J.: 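This is the structure I want to talk about, given as structure tokens.
Convention: sequence-line order gives letters A, B, ...; per-chain numbering from 1. Only heavy atoms go into these numbers, but all of them, side chains included; no hydrogens, no water, no symmetry mates. Remember, it's a predicted structure, so these values are computed and weren't measured experimentally.
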Amino acid sequence: MPIAVAITVLVVASVAFHLFSPWWRTPIASNWGSIDSALDVTLWICAAAFILLNLFMAWALVRYRHRPGHRAHYEPENASLEKRLTVWTAIGIAGMLAPGLAAWGKYVSVPKEAALVEAVGQQWNWSFRYPGPDGVLGAASVKYITPDNQLGLDPLDPFGRDDLLVESGDLHLPVGKPVKVVLRSKDVLHDFYVPEFRAKMDLVPGIVTYFWLTPTRTGTFDILCAELCGTGHHEMRGKVVIEPPKDFAKWQSEQTSFSQILAEAPPAAMSILLLKANACTVPASWSNR
Amino acid sequence: MATTLADDLRPLHHPHSWVTRYVWSQDHKVIAIQYSVTAISIGLVALTLSALMRLQLGFPGVFPAIQPDNYLQFVSMHGMIMVVYLLTALLLGGFGNYLIPLMIGARDMVFPFVNMLSFWFYLLSVIVLVVGFFVPGGPTGAGWTLYPPQAISEGTPGHQWGIATMLVSLAIFVVAFTMGGLNYVTTVLQARTRGMTLMRMPLSVWGIFTASVMGLLAFPALFVAAIMMLFDHFAGTSFFMPMMQSMGRVTPTEGGSPLLFQHLFWFFGHPEVYIVALPAFGIVSDLISVHARRNIFGYRMMVWAITIIGALSFLVWAHHMYVSGMNPYFGFFFATSTLIIAIPTAIKVYNWLLTLWRGDIHLRVPMLFAIAFIFTFIHGGLSGLFLGNVSVDVPLSDTFFVVAHFHMVMGVSPVLVIFGAIYHWYPKITGRMWNETLGKLHFWITFLGAYAIFLPMHYLGILGVPRRYYALGETGFIPESVHLANEWISIAALIVFAGQSLFFVNMIWSLFKGPRADPNPWGAASLEWLTPQTPPAHGNWGAKLPVVYRWAYDYSVPGAPRDFIPQTEPRA
Amino acid sequence: MTLLARLTEKSWEGPAPLDIRDRPSAGAVGLVTYFAVALVMFSLLIAAYLMRMGLHSAMGHASDDWTPMPDPPLLWVNSTILLLSSAAWERARRSVGGQATHWAMIGAMLGLAFLCGQLLLWRHYAQGGYYLGANPANAFFYLLTALHGCHIAGGLAATARAFALQSLRAIGLCALYWHFLLALWIILAALLLST
Ligand code: HEM
Ligand SMILES: [Cu+2]
Ligand SMILES: [Cu+2]
């Protein structure tokens, strides 16, 4: 008997915990409300199943407990009951899959007008790059990296010259404008994760990954790394500042471009840089044009 | 070579001394116990590691001896040991070995020598694993998923030697498992006694059989991945290693694909979940049926569900990779296949509940564990739907929601079944009965404690707390209350940790001082309870093999004098 | 009974057929099951091979780090040896008594010769500068041949045991195993030659 009581209490306690615990989604700051609603639909269907099944079990435990003289009912199977249950389950499953797939459909199709920004991960910090006035990110590869070219831009690629580099600072994004976040890692796997955006994606060395979002709320949010990347994984933090377009434009105009960096580099550093660029006859490079 | 029913022709390997009887034994029951004891011993290491992790998470900064590197090493070794070296080994090497021949009426496994080798290879793999704790740099801290490039790159603890011992140990484990698995599969196919048709086998055998087939087909992926990573590590190849700048140095590798490893790993890793789950499903079905004195409801559907789940689980692996950077369009396919698996799984749950319904439920300790399993499995199965449903997984992946989900579904649930199974078959295995009060106390602490640990973790995950974090630090979206929650969770975990001693005390004390057990204390109908001796002797069945006339679930048959009819009783 | 009939049996009803004596030997079933295991392993490697090979173009990379290895004549010689070995095993399987052991011995010797040939092939490549770490094509070549070679070596060990047991059935199983390894080798060789 105590077990039936325990099951019932646990069901009630779980529901109460859900309703009264202070931990739930952070207030959303992007267009991914569809992910939240897919989660809600999934939650409601699952909660109904959880409550029904467990209360049924608790009831059965009481009703059919062993008593002297009581005997179980012999019934190998009941095809029609099993069929009905299967169909209802399939309906429930389809009901949660549909909004899930619909949201995913949006997630994988980046709007054409989305602006580009690149986040580069390394053990254990973040850097960022904007395409500059030409709207194109120049080619880059780890093999071009020098102390003066931490993001590994190809010094010979004209598209890279006007790129704006933010090597130790916050990521800024204008509110209300869709943006495609292009992700690149210098070393191991990382994951660009801002809980308030809902979206996230791994950074994979060797390839360029991406996701997109439209920030919908101004403010400053934490960027975390959500893919184990070594000792400093939990300290790989950054900040993203969502601001009105005007403030964003002002901030952007204060950033340094790659050509400015090249111009300021001492000649010795410059020659190393160019040497690297020519070191390999066929450059393996990524470009995002 | 043994043939099918040649029980009287086949020379059993008869032990001549204590050493051949208990050490180099070829008796499946002794091997089963060797497997189980080894698995539980190494499992205790993993449990201790979890306690250490909880100390760090609940009381950050209080234990300066636990550094970030140590934490990651604990996480990785805990996860790997629990999944592979404890659960897989215990459920298949332990229960599989013990139950298959007894339940299908065979004298032993069909290849007893290979079966013995399987255990010794397993022991070797465990030893190599343990050596990993003592090599320079300590064990690997790359997570149980061992993703390259970090697993073999600077910045990850144990990237030199710890990862090497881990990979070698896994490769040996795969060899051990393959030898065992071939035995389990062939024994089920070949050595069933007369009358034991496939559909008369208890569901335990079906679960273990299907899991063994899956293991045979899934472990090669892990084997291949381990070998390739060893090549990358020691031979300078770049299967998985791209060009990268590790801690300021450009590596000589180029062009390898970290995603290739992830595909291989999860091609193994997802079926692995079911390799653990299916034996538990099978065993729990039998526990429920026996203690509810009712045939398992919808036996055929249960068998089909097991096999369908087994087959489908090879088509869902990339649901672990929705945000890995693979082609995002795969998400549509893998989300659909994943959610389809939920249907046969749900049917299993319904049939367990429908077995209780109109039953005659005896709430003995094994049954309590079985009921608790149904509860935690419903919970864990449902939370899996969130993670399978692609876009819902995006915010939840790599958060504590994932940790909560897989602990509920493949940590707590199978462990509850294992406890239930040990209490259930202990009288047969040892010939003695355990102490009921201690058993109940152990049950309540484990069940309620485990739920208290893992329920709140779901909510931390929905909030966004990431997994594999040594410390949360100052993070804007994480309120102070989360630290409090972590403290409670840790206290619950420590209570559960301590509570397990009740189990060990009970088992060891009963082994020597427990009352003699009845040969069939629960009134079960399946063959393993019908051996001439308890515990069964070498060769299991005395002079003649049993002959089977009915399925394993003739409980409360109308008109029968008792509420069960043994499988060996001829039909009227 | 068909498998379907067996899996839909309503086992709680009436008597089932009691006698099921027509099962193949446990050794054969175990071996065929192992074939499935090995097949999965090599299939995964082949899938990895193709994925790694096509990676660069798929990702739109400018360069390609995959340089196929040249095909040396020894590959053909070795393949022929393995083919003959398999044929000898087949003879052994179909013979009885001393004949069987005789042919089995020849089969095993040819298997050993194949292994030595593979070692020579490796040396040949290494002398040509095709080291393991130099290129992913090389790495896959060495990995695939090594794993296949391990299987042959395992087969030789099993053969030794079969001789020790003087078991005709074991010789039959060895023959089956050899055919499987031959088929596997043909697939691997085709893959290596065509890419
Ligand atoms: C009372 C028992 C247990 C406790 C308190 C516990 C606790 C933990 C904790 C704290 C983590 C690390 C979370 C993180 O920082 O990401 C973890 C990870 C893990 N645990 Fe457990 N655990 C327990 C039992 C089990 C069992 C029975 C299994 C068997 C499946 C298991 C499998 C895992 C796995 C696979 C991981 C992931 C490792 C990784 O992230 O690489 N645990 N556990
Ligand atoms: Cu990181
Ligand atoms: Cu999975």
J.: Tell me the closest heavy-atom pair linking A/Y64 and B/L356, and the distance in Å.
T.: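 Minimum heavy-atom contact is CB-O, 3.9 Å.
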J.: Using a 3.5 Å distance criterion without hydrogens, assess whether the side chain of A/H70 forms a donor-acceptor pair with backbone atoms of B/G359.
T.: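 Between the backbone of B/G359 and the side chain of A/H70 there is a qualifying donor-acceptor contact (under 3.5 Å).
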J.: Which residue out of A/I93, A/L97, A/T26, A/L39 racks up the most heavy-atom pairs below 4.5 Å with chain B?
T.: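 Option with the greatest count: A/L97.
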J.: Which residue out of B/V323, B/D69, B/T338 racks up the most heavy-atom pairs below 4.5 Å with chain A?
T.: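 Of the candidates given, the most pairs with chain A belong to B/V323.
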J.: Where on A/L183 is there a heavy atom nearer than 4.5 Å to chain B: the side chain, the backbone, both, or neither?
T.: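 No part of A/L183 comes within 4.5 Å of chain B.
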J.: Just to verify, what does A/K106 make a side-chain contact (heavy atoms from CB on, under 4.5 Å) with, not counting sequence neighbours?
T.: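 side-chain contact (heavy atoms from CB on, under 4.5 Å) list for A/K106, sorted by chain: A/W32, A/S34.
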J.: What's the spacing between B/I371 CD1 and A/I7 CD1 if we round to 0.5 Å?
T.: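 Answer rounded to 0.5 Å: 7.0 Å.
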J.: What part of A/V204 gets within 4.5 angstrom of chain B, counting heavy atoms only: side chain, backbone, both, or neither?
T.: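 Only the side chain of A/V204 comes within 4.5 Å of chain B.
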J.: Show the nearest heavy-atom pair for residues B/F332 and A/L101, with the distance to one decimal.
T.: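 Taking B/F332 first and A/L101 second, the nearest heavy atoms are CE2-O, 3.7 Å.
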J.: Among A/D36, A/D191, A/L203, A/T86, which residue forms the greatest number of heavy-atom pairs with chain B at distances under 4.5 Å?
T.: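 Answer, by heavy-atom pair count under 4.5 Å with chain B: A/T86.
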J.: Need one label for A/R63: side chain, backbone, both or neither, based on atoms under 4.5 Å from any heavy atom in chain B.
T.: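 Contact with chain B involves no heavy atom of A/R63 at all.
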J.: How far does CD of B/Q150 sit from NE2 of A/H233, to the nearest 0.5 angstrom?
T.: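 B/Q150 atom CD to A/H233 atom NE2 measures 9.5 Å (nearest 0.5 Å).
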J.: For chain B, which of A/P195, A/P27, A/G105, A/A60 has the most heavy-atom pairs under 4.5 Å?
T.: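 It is A/P195.
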J.: Counting heavy-atom pairs under 4.5 Å to chain A, which of B/A471, B/P479, B/G141 comes out on top?
T.: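 Of the options given, most contacts go to B/A471.
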J.: Check each atom of A/P76 against the heavy atoms of chain B and say whether the ones under 4.5 Å are side chain, backbone, both or neither.
T.: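 The answer is both parts of A/P76.
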J.: Ignoring hydrogens and angles, tell me if any N or O in the side chain of B/S391 forms a donor-acceptor pair with the backbone of A/G100 under 3.5 Å.
T.: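 Looks like yes, one N/O pair under 3.5 Å.
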J.: Are the side chain of A/T89 and the backbone N or O of B/I343 linked by a donor-acceptor pair below 3.5 Å?
T.: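 Judged by distance alone, no pair lies under 3.5 Å.
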J.: Given the options A/A102, A/S21, A/C225, which has more heavy-atom pairs under 4.5 Å with chain B than any of the others?
T.: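 The answer is A/C225.
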J.: Please answer whether the main-chain N or O of B/P328 pairs with a side-chain N or O of A/W104 as donor and acceptor at a distance below 3.5 Å.
T.: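 Yes: the side chain of A/W104 pairs with the backbone of B/P328.
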J.: Measure the spacing between CH2 of B/W304 and CD of A/E82 and express it to the nearest 0.5 Å.
T.: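 It comes to 8.5 Å.
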J.: If every non-hydrogen atom of A/C46 is compared with every non-hydrogen atom of B/L385, which pair is closest and at what distance?
T.: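 Closest pair (atom of A/C46, atom of B/L385, distance): SG-CD1, 3.9 Å.
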J.: Chain A heavy atoms under 4.5 Å from B/I462: which part of the residue, side chain, backbone, both or neither?
T.: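 Both parts, backbone and side chain.
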J.: Using a cut-off of under 4.5 Å on heavy-atom pairs, state which of B/W551, B/Y299, B/Y322 scores highest against chain A.
T.: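 Looking at each option in turn, the highest pair count goes to B/W551.
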J.: For chain A, which candidate among B/T145, B/I340, B/N351 shows the most heavy-atom pairs at distances under 4.5 Å?
T.: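 Maximum pair count with chain A is reached by B/N351.
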J.: Nearest 0.5 Å please: distance from the NE2 atom of B/H379 over to the CG atom of A/L53.
T.: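 So the gap between those two atoms works out to 12.5 Å.
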J.: Under 4.5 Å, counting heavy-atom pairs only, tell me which of A/Q123, A/E75, A/R25 racks up the most with chain B.
T.: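 Winner by heavy-atom pair count: A/E75.
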J.: Can you list the residues that meet the side chain to side chain donor-acceptor pair (under 3.5 Å) rule with A/T146, with sequence neighbours excluded?
T.: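 Not a single residue meets the side chain to side chain donor-acceptor pair (under 3.5 Å) criterion with A/T146.
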J.: Could you walk me through whether A/D222 and B/T475 pass the side chain to side chain donor-acceptor pair (under 3.5 Å) test, one step at a time?
T.: CA-CA 7 Å; A/D222 288 295; B/T475 309; 5.4 Å; no
J.: Within the distance-only criterion (no hydrogens, no angle test), does the side chain of A/N54 pair as donor or acceptor with the backbone N or O of B/F375 below 3.5 angstrom?
T.: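 Looks like no, no N/O pair under 3.5 Å.
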J.: When the aromatic ring centroids of B/Y459 and A/F17 are compared, is their separation below 6.0 Å?
T.: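 Aromatic pair counts; centres sit under 6.0 Å.
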J.: Can you tell me which portion of A/L61 sits under 4.5 Å from chain B's heavy atoms? Options are side chain, backbone, both or neither.
T.: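 Looking at A/L61, backbone and side chain both touch chain B.
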J.: What are the two closest non-hydrogen atoms of A/E77 and B/G298, and how far apart are they?
T.: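 Result for this residue pair: CB-CA, 3.8 Å.
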J.: With a 3.5 Å distance limit and no angle check, can you tell me whether A/K143 reaches the backbone of B/Q245 through a side-chain donor-acceptor pair?
T.: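 Checked: no pair found.
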J.: Taking all non-hydrogen atoms of both residues, which atom of B/N295 and which atom of A/H73 are closest, and how far apart?
T.: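 Scanning both residues, the minimum pair turns out to be OD1-O, 4.1 Å.
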J.: Do B/Y553 and A/Y74 have ring centres separated by under 6.0 Å?
T.: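 No; A/Y74 has its ring centre 6.0 Å or more from that of B/Y553.
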J.: Drop me the distance from B/E154's CD to A/T231's OG1, to the nearest 0.5 angstrom.
T.: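 The OG1 atom of A/T231 is 10.5 Å from CD of B/E154, to the nearest 0.5 Å.
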J.: Can you tell me which of A/Q122, A/E235, A/R65, A/H18 forms the most heavy-atom pairs within a distance under 4.5 Å of chain B?
T.: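 Among the listed options, the one with the most contacts to chain B is A/H18.
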J.: Could you look at A/Y193 and say if it's the side chain, the backbone, both or neither that has a heavy atom under 4.5 Å from chain B?
T.: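 Just its side chain gets close to chain B.
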J.: Side chain, backbone, both or neither: which part of A/P2 has a heavy atom under 4.5 Å from chain B?
T.: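 For A/P2, heavy atoms of backbone and side chain both lie under 4.5 Å from chain B.
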J.: So, the side chain of A/K200 versus the backbone of B/P395: is there a donor-acceptor pair under 3.5 Å, distance only?
T.: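 It does hold such a pair.
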J.: For A/F221, is it the side chain, the backbone, both, or neither that has a heavy atom closer than 4.5 Å to a heavy atom of chain B?
T.: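 The answer is neither part of A/F221.
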J.: Answer with side chain, backbone, both or neither: which region of A/T42 has an atom nearer than 4.5 Å to a non-hydrogen atom of chain B?
T.: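 Both backbone and side chain.
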J.: Relative to each other, are the rings of A/F56 and B/W357 parallel, tilted or perpendicular (30° and 60° limits)?
T.: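 It falls in the tilted class, 30° to 60°.
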J.: Measure distances from A/E196 to the heavy atoms of chain B and classify the residue's part below 4.5 Å as side chain, backbone, both or neither.
T.: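 Side chain of A/E196 only, per the 4.5 Å heavy-atom cut-off to chain B.
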J.: Please determine, among B/W444, B/F443, B/Y555, B/W352, the option with the most heavy-atom pairs under 4.5 Å with chain A.
T.: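 Ranked by heavy-atom pairs under 4.5 Å with chain A, first place is B/W444.
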J.: Out of curiosity, B/Y147 OH to A/L228 CG, how far, rounded to the nearest 0.5 Å?
T.: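 Here the rounded value is 10.5 Å.
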